[in-house]
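Along the sequence shown, residues carry numbers from 1. If you're wondering where the values come from, they're calculated on a predicted model, not measured in any experiment. Only this structure's heavy atoms are used, side chains among them; waters, hydrogens and symmetry mates stay out.
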Amino acid sequence: MKKEELKGFYEGTCTDAYEYLGAHAGKSGTVFRTYAPSASGVNIFGEFNSWQEEPMTRDDRGIWSFESKKAKPGMMYKYVIYGANGYRMEHADPYAFEAELRPGSASKISSSKGFVFDDAEWMKKRSLCIDGPMAVYEMHMGAFKRNPKDKENGWFNYRELAKPVTEHVKKSGFTHIELMPLCEYPFDGSWGYQVTGFFAPTCRYGNADDLKYFINECHKAGIGVIMDYVPVHFAIDDFALKKYDSTALYENEQMGSQWGTCIFNHARGEVSSFLMSAANYWIKEFHFDGLRTDAVSCLIYNGGEENRGENGSGRHFIRTLNKTLKEMYPDVILFAEDSSSWQGGVTKPIEEGGLGFDYKWNMGWMYDSLYFMGLDPEARAREYHKMTFSMWYFYNERFILSLSHDEVVGGRGTILNKIPGTEEEKFAQLRAYYVYMMMHPGKKLQFMGNEVGEETEWNESREVEFDLLKNARNKGLYTLLCELNKLYAENPAFYEDEYEPGQFEWLHCEQDGRVLFVMKRNVKKGGYAAVLNFSDKVVEDFEFTAVKLPEEKDEEKTDTSEEKAKKSKKIPKIKDEQWELVADTNWKAYGGSKAKKAQKLNSKEGIIKTDIDAFEARIYKVIVK
């Protein structure tokens, strides 16, 4: 962005403000610029001037600038903002590309040496995966593996993590990684959701070039990378955006936050441009394949609560952002983490009144299904339709099924420990639940640790408990998940046209006290089906309709009895099916007690009959005879 292009910055449509504002090093020195329109004065100090304040120059629109030949890449600096009533505060640069490690709060002149990507092949073929597989592995960069050599913090560098992460993700069958926020933040326990440096990759794990290396290696391994993006609120630390120019420049003082943070004032053009530029920065400069926007409900409603009214400026901002990003990067995926029940269409096109996201996290599916799994088997019979209700609204949005970090923190326990029963029963039920998740339409997301059946609630100071894979049940669960992901990725029945009615059907979802479900994913020549038992009882001679009579066409319904008689000979008969067993959660390889054994079920006049053990799920390949 050049100075003459600042009009868009004030109007809230600018996506490259970071190219003008912030610290920019060149051959003749470094130019610093910061936007502080209400400040009475702005000074700069840093390592380049022995931390002695020097005045910056203001233009007619409130941008302060300073140039130094002594300021070199990697040097620390701060702005000293002066305002009314004796206000003086040392601030980090809102547009800084690097920052000092907490508890320090200084900004740094970028030390990037200009990383060169070689991921052109990936960038050319990446897509939104609408009719393709998407299994996302959500992770916290500092807690995947801990570094014993880093005695103080236990962190590996972005570069050091590239190989173990890509190897695990590939082996596990995931197609994408979602990284919890990597913008600089001061408090480890916020996991990056309370940001102070929106353009600075957290220095906990290295610099910008190191992060680019990590993403480049993921792409070369065929793995997409998504980053959590936090445009709703920011950290309250005085050195950051709060009262930046001695007034509420970035924050909405009338709006409180449920996290005790400052809410962005999206009605200000400069704030919208700041956030839009940040989103563009991560996509353009780092080659991120998608952004998962946090707390979208707060952009829809004031404070995220419907009874507080619509957030008009928030909706305008997110529509403008999504529209702009789609015009710039049509192949970048936009996810919404939205806990509201807003009916306007989070994933509907903006021109139809929607918000323009590609996918929405299915929070309702998550809440209902985990509630169901936490019940005793007898109680499940009464709450049977908690597992089916999500299909009543599934086609209203383009959903992704998420078992994220939020489900394994804050006293909620792990996914495994939400489930009642003995250890053997817990694992059996979790295996069946993962089959249910795969059979249910929608893209998939698992938080790290879910794949190995962790028993300890997650926190940012420990690594994934991979040692659990020494145990037969944990190893079996992981083996099942790997094979489910492989089956999912290799078979279009699990993703093609999944957002179109008819691709999925319940073959059995009757609340008859037995807690049995039969799910089917249809393609032209067969598909896949699953029989699931979430009760603690063996069910013998379970009978269900696998193949239904073809429905009459509308014109046939209006035919006279004589016309129907003439056409009756042409009505196709039921095409019976053969179901070949693909996976059984009770196989020993998955931690169960059964030896692997082939099984074929044949429908007779559309009916299939089978036995099924307690807490068992079976997947079948469907072959039309």
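A donor-acceptor contact under 3.5 angstrom links the side chains of Ser112 and Asp209, judged on distance only. For the residue pair Tyr193 / Asp294, no side-chain donor-acceptor distance below 3.5 Å is found, with atom types taken as modelled. For the residue pair Ser273 / Glu270, no side-chain donor-acceptor distance below 3.5 Å is found, with atom types taken as modelled. Side-chain contact annotation: Glu184 with Thr202, donor-acceptor N/O pair under 3.5 Å present. Checked by atom type, the side-chain pair Glu100/Ser107 shows no donor-acceptor distance below 3.5 Å. Side chain to side chain, Arg159 and Tyr213 fail the donor-acceptor criterion of an N or O pair below 3.5 Å. A donor and an acceptor atom, one from each side chain of Asp131 and Tyr499, are nowhere located under 3.5 Å apart. No side-chain N or O of Lys7 forms a donor-acceptor pair with one of Thr13 less than 3.5 Å apart. Between the side chains of Asp289 and Trp122, a donor-acceptor pair is found at a separation under 3.5 Å. Checked by atom type, the side-chain pair Ser313/His266 shows no donor-acceptor distance below 3.5 Å. A donor atom on one side chain and an acceptor atom on the other are found under 3.5 Å apart for Asn216 and Asp118.
At a threshold of 4.5 Å between non-hydrogen side-chain atoms, the residues Phe447 and Leu403 do not count as touching.
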Please assess Glu253 against Lys243 for the test salt bridge (Lys or Arg N to Asp or Glu O under 4.0 Å), listing each intermediate value before the final yes or no.
-> CA-CA 10 Å; Glu253 288 189 302; Lys243 299 283 188 185; 2.5 Å; yes
Decide yes or no on ring-ring contact (aromatic ring centres under 6.0 Å, His included) for Tyr95 and Tyr18, but give the supporting numbers first.
-> CA-CA 6 Å; Tyr95 286 86; Tyr18 66 90; 8.2 Å; no
Would Lys145 and Glu463 satisfy salt bridge (Lys or Arg N to Asp or Glu O under 4.0 Å), going step by step from the backbone distance to the final call?
-> CA-CA 5 Å; Lys145 278 186 176 294; Glu463 67 179 16; 5.3 Å; no
Step-by-step ring-ring contact (aromatic ring centres under 6.0 Å, His included) determination, Phe97 to His24 = CA-CA 9 Å; Phe97 299 122; His24 297 272; 5.7 Å; yes
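Between Phe274 and Phe198, the distance from one ring center to the other falls under 6.0 angstrom.
For Arg204 and Tyr185, the positive end sits near the middle of the six-membered ring, less than 6.0 Å away and at most 45° from its axis. For Arg315 and Tyr301, the positive end sits near the middle of the six-membered ring, less than 6.0 Å away and at most 45° from its axis.
A perpendicular orientation is assigned to the rings of Phe286 and Tyr281, their planes being inclined by more than 60° (bins at 30° and 60°).
We find the CD-CE distance between Glu498 and Met134 to be 9.5 Å, quoted to the nearest 0.5 Å.
Using a 4.0 Å cut-off between a side-chain N of Lys or Arg and a carboxylate O of Asp or Glu, Glu19 and Lys284 qualify as a salt bridge.
Environment of CZ in Arg61: sparse, with no more than 12 heavy atoms of neighbouring residues, nucleotides or ligands closer than 6.0 Å.
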